[in-house]
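Written below as structure tokens is the structure these notes are about.
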Amino acid sequence: MGKESKSRGFFGWFLVLVILALVVGAVVYIIKKKLDHGNDNKPTPVPGPPGAIDHKYAYALEIAMQFFDVQKSGRLVDNKISWRGDSALTDGSEAKLDLSKGMYDAGDHVKFGFPMAFTATVLSWAILEYRDQMEAVNQLEPAQQSLKWITDFLLNAHPSPNVLYIQVGDPVTDHKCWDRPEDMTEKRPLTQVNASVPGTEVAAETAAAMASASLVFKRADSTYSSTLLTHAKQLFTFADNNRGSYSEKIPEFATYYNSTGYGDELLWAASWLYHATADQSYLEYVTGENGKEFAQWGSPTWFSWDNKLAGAQVLLSRLSFFGASGNSVIENYRKSAEDVMCGLLPQSPTSTSSRTESGLIWVSEWNSLQHPVASAFLAALYGDYMLTTQTAKLTCGDHSFEPSDLRKFAKLQADYVLGSNPLKMSFLVGYGDKYPQYVHHRGASIPVNATTGCTDGFQWLNSTKPNPNVAVGALVGGPFLNETFVDSRNNTMQTEPTTYNSAVIVGLLSSLVTTSSAVKSFG
């Protein structure tokens with residue numbers, strides 16, 4: 001009987017210890033959950049200076065940056081492309097202007113001011129946001145040099161407040177030739193917009209380019225920066241006071257770069273002018289009646305050379321993240337930017353269905369890579385804003401996402417471009433072991449020592465041999481929805497590169513080179 005009593009006593013104490021352990025465990029679990037929940041709203045901030053370099057993206061950035069050199073017009077300085085030389089030295093002479101600089105738009109030799117200005121704006125944005133990352137991999141100086149090559153042209157193209165030259169060359173005449181830019185003999189007429197023939201979208205985009213570039217050069221060359229800003233202000237006033245679409249006023253433009261409206265460019269330009277000047281009138285412009293008329297809050301759009309709304313929304317969300325919170329209209333822009341992000345994230349309940357089977361955003365058959373790369377650039381930016389401000393969650397319906405989810409999406413799009421796709425092919429020319437060999441690009445397709453006129457050069461367009469010159473850094477049009485790609489010079493929609501594609505891929509790759517806090521001010 002004594003033994004049974006001891007046994008029961010031992011069991012009782014054991015039971016008490018088990019219950020006590022369970023209670024303690026439950027308390028610890030509850031406390032941990034509360035701490036974790038609290039930490040959900042405060043993720044670890046990203047270190048200020050750039051971290052470890054991701055050499056894959058660093059090398060891809062170095063490659064991508066070179067396409068700007070491939071596309072340069074004028075008297076080349078420190079030319080790094082062996083098969084390129086001086087060209088178009090008399091551009092602008094009919095108006096007694098020097099329009100020899102700038103960049104050829106794509107595989108042809110026309111200088112289209114609208115997409116060229118967009119190229120400059122996006123390249124400026126990339127430099128402003130990722131200056132440290134570019135500098136860490138020796139790409140800041142090339143980026144600034146390429147930007148200035150464009151802004152030098154844009155400044156000369158704006159000889160008076162209400163006159164802007166928006167095109168050099170005639171596309172119809174130009175497309176009847178297949179020759180190297182160094183050997184061009186066809187006439188290069190000029191096209192302008194003015195108070196009688198307005199072009200609000202191109203004037204506003206050029207204002208955005210100059211305003212953003214003024215911030216890039218503010219430290220290094222204050223005089224040049226001030227000149228850019230003066231022109232930006234004049235062009236914005238011209239664009240706003242003389243409203244009219246250049247596609248309607250000059251109908252032949254609709255064949256090549258048709259504008260679907262100018263409201264987005266006005267908001268985009270005013271946003272950049274506010275960042276460049278801190279002048280409240282520009283903030284009032286985007287938050288007042290013009291915002292109500294043009295912003296399309298709650299209706300996500302694709303960022304491109306034609307539509308800047310998503311870009312303006314992300315750019316203005318900076319004001320909410322880094323300073324001007326409390327402004328209800330700015331919060332509308334931020335909420336619209338979040339709607340864009342929610343559409344991009346694959347697991348979001350509002351995720352777009354515009355994707356290939358492998359996950360590439362796919363919107364347009366022509367130049368299909370523009371939209372995924374531009375979208376990924378915006379996602380990387382927004383994720384960096386979240387990280388820097390310790391904003392833990394992005395809410396999409398009943399789901400929530402972290403900054404790392406946006407970066408994961410951006411990497412998925414970048415990696416697809418660089419070769420992680422069903423074709424195992426890089427769409428960035430010069431990167432990797434397999435990339436397009438028949439890029440639709442005149443200079444790349446014609447041997448340097450060939451003597452060709454306007455029309456006999458077409459033998460090189462139709463040649464079955466790969467291009468003799470590598471258009472290094474060119475981001476070609478991209479795959480079809482079924483993820484096929486026909487590598488042919490005559491397949492313009494898939495193999496032709498553009499400078500504005502280069503701007504967005506440079507922005508995206510710069511964001512992925514390393515992790516770093518976002519800059520809180522461009523000043």
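Numbers here simply count residues along the sequence, with the first being 1.
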Exercise. Where is the tightest heavy-atom contact between Ser488 and Thr495, given as atom of each residue plus distance?
Worked result: O-OG1, 2.9 Å

Seminar exercise, completed: Smallest heavy-atom separation, Ser146 atom then Lys72 atom, equals OG-CE, 4.3 Å

Exercise. CD1 of Ile446 to CH2 of Trp178: how many Å apart, nearest 0.5 Å?
Worked result: 7.5 Å

Problem set entry | Pairwise ring pair (Phe, Tyr, Trp, His ring centres under 6.0 Å) hits with a residue in residues 85-106, at least two apart | Tyr104-His109

Exercise. Below 6.0 angstrom between ring centroids: does that apply to Phe112 and Tyr257?
Worked result: yes

Problem set entry | Set of ring pair (Phe, Tyr, Trp, His ring centres under 6.0 Å) partners for Phe118, sequence neighbours left out | Phe303

Problem set entry | With sequence neighbours excluded, residues passing ring pair (Phe, Tyr, Trp, His ring centres under 6.0 Å) with Tyr285 | Phe236

Seminar exercise, completed: Contacts satisfying disulfide bond (SG atoms under 2.5 Å apart) that involve residues 172-209 (not counting sequence neighbours) are Cys177-Cys454

Seminar exercise, completed: Rounded to the nearest 0.5 Å, the CD atom of Glu129 sits from the CZ atom of Phe522 at a distance of 4.0 Å

For this session: Kindly indicate whether the side chain of Asn421, heavy atoms from C-beta on, has any atom under 4.5 Å from the side chain of Leu360.
Result: no

Seminar exercise, completed: In short, Thr464 meets Tyr438 closest at the heavy-atom pair O-OH, 2.8 Å

Problem set entry | Side-chain (Ser93) to main-chain (Thr90) donor-acceptor, under 3.5 angstrom | yes

For this session: Flag the pair Arg442 and Asp179 as a salt bridge only when some basic side-chain nitrogen lies within less than 4.0 angstrom of an acidic carboxylate oxygen.
Result: yes

Problem set entry | Asp487 side-chain N/O to Gln437 backbone N/O, donor-acceptor pair under 3.5 Å | yes

For this session: Would you list the pairs meeting ring pair (Phe, Tyr, Trp, His ring centres under 6.0 Å) in which at least one residue belongs to residues 471-492, sequence neighbours left out?
Result: Phe427-Phe485

For this session: Give a yes or no answer on whether the side chain of Thr200 reaches the backbone of Asn242 with a donor-acceptor pair at less than 3.5 Å.
Result: yes

Exercise. Are any non-hydrogen side-chain atoms of Tyr256 and Asp105 less than 4.5 angstrom apart?
Worked result: no

Problem set entry | Smallest separation among heavy atoms of Leu406 and Ala379, with atom names | CB-O, 3.7 Å

Problem set entry | Considering all heavy atoms, the nearest Leu228-Thr151 contact | CD2-CB, 3.9 Å

Problem set entry | Min side-chain heavy-atom separation Pro181-Arg84 under 4.5 Å | yes

Exercise. Do the side chains of Leu61 and Val506 get nearer than 4.5 Å, heavy atoms only?
Worked result: yes

Seminar exercise, completed: Output for pair (Ser304 OG, Asn501 CG), nearest 0.5 Å, gives 10.5 Å

Exercise. Can you tell me if Thr350 and Ser348 form a side-chain donor-acceptor pair at under 3.5 Å?
Worked result: yes

Exercise. Are the side chain of Asn156 and the backbone N or O of Asp98 linked by a donor-acceptor pair below 3.5 Å?
Worked result: yes

Exercise. Do Glu483 and Thr356 have side-chain atoms, one donor and one acceptor, less than 3.5 Å apart?
Worked result: yes

Seminar exercise, completed: Contacts of Ser511 meeting side-chain contact (heavy atoms from CB on, under 4.5 Å) (sequence neighbours excluded), chain-then-number -> Tyr130, Ala380, Leu508

For this session: Using the test ring pair (Phe, Tyr, Trp, His ring centres under 6.0 Å), find all partners of Phe238 that sit at least two apart in sequence or belong to another chain.
Result: none

For this session: State, with a plain yes or no, whether a side-chain heavy atom of Gln494 is found less than 4.5 Å away from one of Trp366.
Result: no

For this session: Using salt bridge (charged side-chain N to carboxylate O under 4.0 Å, His left out) as the criterion, list what pairs up with Asp91, not counting sequence neighbours.
Result: Lys111, Arg188

For this session: Check the angle between the aromatic planes of Trp302 and His371 and answer parallel, tilted or perpendicular using the 30° and 60° thresholds.
Result: perpendicular

Exercise. Do Gln413 and Ser375 have a side chain donor and acceptor closer than 3.5 Å?
Worked result: no

For this session: Would you sort out whether Glu331 and Lys335 count as a salt bridge (charged side-chain N to carboxylate O under 4.0 Å, His left out), showing the intermediate values?
Result: CA-CA 6 Å; Glu331 294 306 313; Lys335 179 59 175 66; over 6 Å; no

Exercise. To the nearest 0.5 Å, how far apart are NE2 in His275 and CG in Leu283?
Worked result: 9.5 Å

Exercise. In this structure, are over 12 heavy atoms from other groups packed under 6.0 Å from Lys176 atom NZ?
Worked result: no

For this session: Sort and list the pairs that fulfil salt bridge (charged side-chain N to carboxylate O under 4.0 Å, His left out) and have at least one residue in residues 248-268, not counting sequence neighbours.
Result: Glu265-Lys308

Exercise. Just wondering, do Asp306 and Ser259 contact through their side chains at under 4.5 Å, heavy atoms?
Worked result: yes

Exercise. Which value, rounded to the nearest 0.5 Å, describes the distance between Leu128 atom CG and Met134 atom CE?
Worked result: 9.5 Å

Exercise. Cut-off 3.5 Å, side chains only: do Glu205 and Thr121 have a donor facing an acceptor?
Worked result: yes

Exercise. Measuring from Ile505:CD1 to Leu418:CG, what's the distance to the nearest 0.5 Å?
Worked result: 6.0 Å

Exercise. Taking the side chain as C-beta and beyond, is there a heavy-atom pair between Phe217 and Leu147 under 4.5 Å?
Worked result: yes

Exercise. Taking C-beta and beyond as the side chain, do Ile250 and Ile166 meet within less than 4.5 Å on heavy atoms?
Worked result: yes

For this session: Tell me, please, which residues at least two apart from Glu496 pass side-chain contact (heavy atoms from CB on, under 4.5 Å).
Result: Ala106, His440, Thr492

Exercise. Taking all atoms of both residues into account, what is the closest heavy-atom pair of His158 and Val163, and its distance?
Worked result: CD2-O, 3.0 Å

For this session: Sequence neighbours left out, what passes ring pair (Phe, Tyr, Trp, His ring centres under 6.0 Å) with Trp125? Give chain and number order.
Result: Trp268, Trp272, Phe377

Exercise. Would a distance-only check, ignoring hydrogens and angles, find a side-chain to backbone donor-acceptor pair under 3.5 Å from Asp170 to Lys187?
Worked result: no

Problem set entry | Sequence neighbours excluded - salt bridge (charged side-chain N to carboxylate O under 4.0 Å, His left out) pairs with any residue from residues 229-242 | Asp240-Arg243

